[in-house]
Each structure stands twice: as C-alpha cells, then as structure tokens.
Trainee: 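Please find one structure pasted underneath; my questions will follow.
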Amino acid sequence: MTNEKKDAVETAIDKLKPVLSNISFGAVMGYCSGTAMKQIGKATAFLVGLGFIGLQGLAHYGYVQIDWMKVKESAQKSIDTNGNGSIDAEDWKAYWKSLKKILTNKVPAAGGFSLGFLYGLRN
C-alpha cells in the first residue's frame with residue numbers, strides 16, 4: 001500500500017459513494033439523451049431561424065409573398081395533439097410520454113431516466 005495523498009477527484013468520489021452507487025443505468029442514459037436532445041434542439045432552432053431570416057429577406061425585397069398566418073395555423077394544427085386549437089402543457093406531456101416510451105424501451109433500470117434526461121437538458 002502506498003502513502004499517496006488523495007487528490008480532489010478521489011476525495012469527491014469518496015464523499016459521493018452513496019450517491020454514485022445508486023445511479024442507475026437508466027439515469028445515465030437519460031442524462032446522455034437529454035444532453036443530445038439539447039444539442040438537437042439548438043441545431044433545429046438555428047436552422048429554423050436561418051430559414052426564417054432567408055424567407056423574410058426574400059419577402060422584403062419582393063421575391064416571395066408569405067402568408068405567415070397560414071403558416072402559423074398549419075404548424076399549430078400539426079403540433080396540437082389534443083386538437084383543442086392551442087399548443088399547451090397537455091400537448092408537451094403527450095410528446096414527452098411518446099419520446100420516453102421510445103427511449104426507455106427494454107432499458108434496464110429505467111426508473112431514473114426522466115430525472116437524468118431533465119438534468120441533461122439543463123446542463
């Protein structure tokens with residue numbers, strides 16, 4: 001046995017042993033999935049924003065005419081899962097349940113998936 005002094009990471013691991021031993025595979029996969037989803041969301045927002053800027057530029061210079069109200073209504077109709085005419089919390093819950101069902105299919109110890117996913121989105 002050596003008399004090496006523990007570094008900061010080893011000390012932190014020792015302090016977190018009870019927590020680390022309870023982290024499930026599902027929680028880790030949830031975190032990784034949440035992190036990936038965050039990046040996908042940013043890339044999607046970038047592309048949608050870029051498309052909007054391009055279309056608005058073309059509309060401003062008279063090359064195209066865009067009926068934004070029709071675009072809004074069409075988008076809202078396709079996203080509104082419960083058909084109540086608005087995109088609300090119930091719609092987002094339905095999307096989450098569907099995504100969670102896909103991502104946790106046959107994953108062992110998936111109980112912590114949701115918490116891991118949320119943590120991955122937030123970091």
Side-chain angles (χ1 to χ4, degrees):
M1 196 186 307
T2 61
N3 288 335
E4 292 180 32
K5 187 175 180 181
K6 291 182 181 179
D7 66 12
V9 174
E10 288 177 296
T11 303
I13 290 171
D14 284 340
K15 288 180 181 178
L16 292 172
K17 271 184 186 177
V19 175
L20 293 175
S21 65
N22 289 326
I23 293 178
S24 71
F25 178 75
V28 172
M29 291 300 101
Y31 174 79
C32 293
S33 298
T35 301
M37 189 61 72
K38 181 177 177 180
Q39 296 304 316
I40 292 168
K42 284 182 177 183
T44 302
F46 174 80
L47 292 174
V48 169
L50 188 63
F52 176 75
I53 291 168
L55 288 172
Q56 281 296 92
L58 291 171
H60 176 76
Y61 289 107
Y63 290 103
V64 296
Q65 288 185 352
I66 303 164
D67 184 351
W68 285 115
M69 190 55 108
K70 187 174 182 179
V71 171
K72 175 189 174 252
E73 289 168 359
S74 176
Q76 190 169 359
K77 189 176 183 181
S78 66
I79 296 171
D80 184 16
T81 60
N82 57 11
N84 67 355
S86 67
I87 301 166
D88 54 17
E90 296 307 312
D91 296 314
W92 292 112
K93 286 179 188 178
Y95 281 117
W96 166 245
K97 286 178 184 177
S98 176
L99 180 64
K100 183 179 175 187
K101 184 177 180 180
I102 292 166
L103 296 179
T104 59
N105 182 39
K106 298 182 183 176
V107 173
F113 183 87
S114 296
L115 186 58
F117 187 88
L118 184 59
Y119 191 68
L121 279 177
R122 293 182 50 111
N123 286 330

Trainee: Which other residues end up in the same hydrophobic cluster as Leu58, if Ile, Leu, Val, Met, Phe, Trp and Tyr are linked when side-chain heavy atoms come under 4.5 Å apart?
Mentor: Phe52, Leu55, Tyr61, Tyr63, Val64, Ile66, Trp68, Val71
Trainee: Stepwise, does the side chain to side chain contact (heavy atoms under 4.5 Å, CB included) test hold for Ser86 with Gln76?
Mentor: CA-CA 7 Å; Ser86 67; Gln76 190 169 359; 4.2 Å; yes
Trainee: With a 3.5 Å distance limit and no angle check, can you tell me whether Thr104 reaches the backbone of Val107 through a side-chain donor-acceptor pair?
Mentor: no
Trainee: Return the set of residues passing side chain to side chain donor-acceptor pair (under 3.5 Å) with Asp80 (not counting sequence neighbours), or none when no residue passes.
Mentor: none
Trainee: So, using side chain to side chain donor-acceptor pair (under 3.5 Å) as the criterion, who are the partners of Lys100 when residues are at least two apart?
Mentor: Ser114
Trainee: Using the side chain to side chain contact (heavy atoms under 4.5 Å, CB included) criterion, which residues pair with Thr44? Sequence neighbours excluded.
Mentor: Ile40, Val48
Trainee: Taking the hydrophobic residues Ile, Leu, Val, Met, Phe, Trp and Tyr, and joining any pair whose side-chain heavy atoms are under 4.5 Å apart, which ones share a cluster with Leu47?
Mentor: Phe46, Leu50
Trainee: Can you name the nearest heavy-atom pair linking Ser24 to Gly112, along with the distance?
Mentor: OG-N, 4.0 Å
Trainee: Tell me who clusters with Tyr119, hydrophobic residues only, linked when side chains sit under 4.5 Å apart either directly or through other members.
Mentor: Tyr31
Trainee: Just verifying a value: how many Å separate Lys97 NZ and Ile102 CD1, rounded to the nearest 0.5 Å?
Mentor: 14.5 Å
Trainee: Sequence neighbours excluded, which residues qualify as ring pair (Phe, Tyr, Trp, His ring centres under 6.0 Å) partners of Phe25?
Mentor: none
Trainee: For Glu90, which residues count as a salt bridge (Lys or Arg N to Asp or Glu O under 4.0 Å) partner, sequence neighbours excluded?
Mentor: Lys93
Trainee: Going by side-chain heavy atoms closer than 4.5 Å, which hydrophobic residues are tied to Tyr95, directly or by a chain of links?
Mentor: Ile79, Ile87, Trp92
Trainee: A quick test of your reading: do over 12 heavy atoms of other residues, nucleotides or ligands sit less than 6.0 Å from CD of Gln65?
Mentor: no
Trainee: Does Asn82 reach the main-chain N or O of Asp91 with its side chain, forming a donor-acceptor pair under 3.5 Å?
Mentor: no
Trainee: Taking all non-hydrogen atoms of both residues into account, name the closest pair between Ser78 and Ala75 and its distance.
Mentor: OG-O, 2.9 Å
Trainee: Return the set of residues passing side chain to side chain contact (heavy atoms under 4.5 Å, CB included) with Leu99 (not counting sequence neighbours), or none when no residue passes.
Mentor: Met37, Trp96, Leu103, Phe117
Trainee: Under the rule for side chain to side chain contact (heavy atoms under 4.5 Å, CB included), what residues qualify as partners of Asp7, not counting sequence neighbours?
Mentor: Val9, Glu10
Trainee: With Ser74, which residues qualify under side chain to side chain contact (heavy atoms under 4.5 Å, CB included), at least two apart?
Mentor: none
Trainee: With rounding to the nearest 0.5 angstrom, report the NZ to CE distance, Lys72 to Met69.
Mentor: 5.5 Å
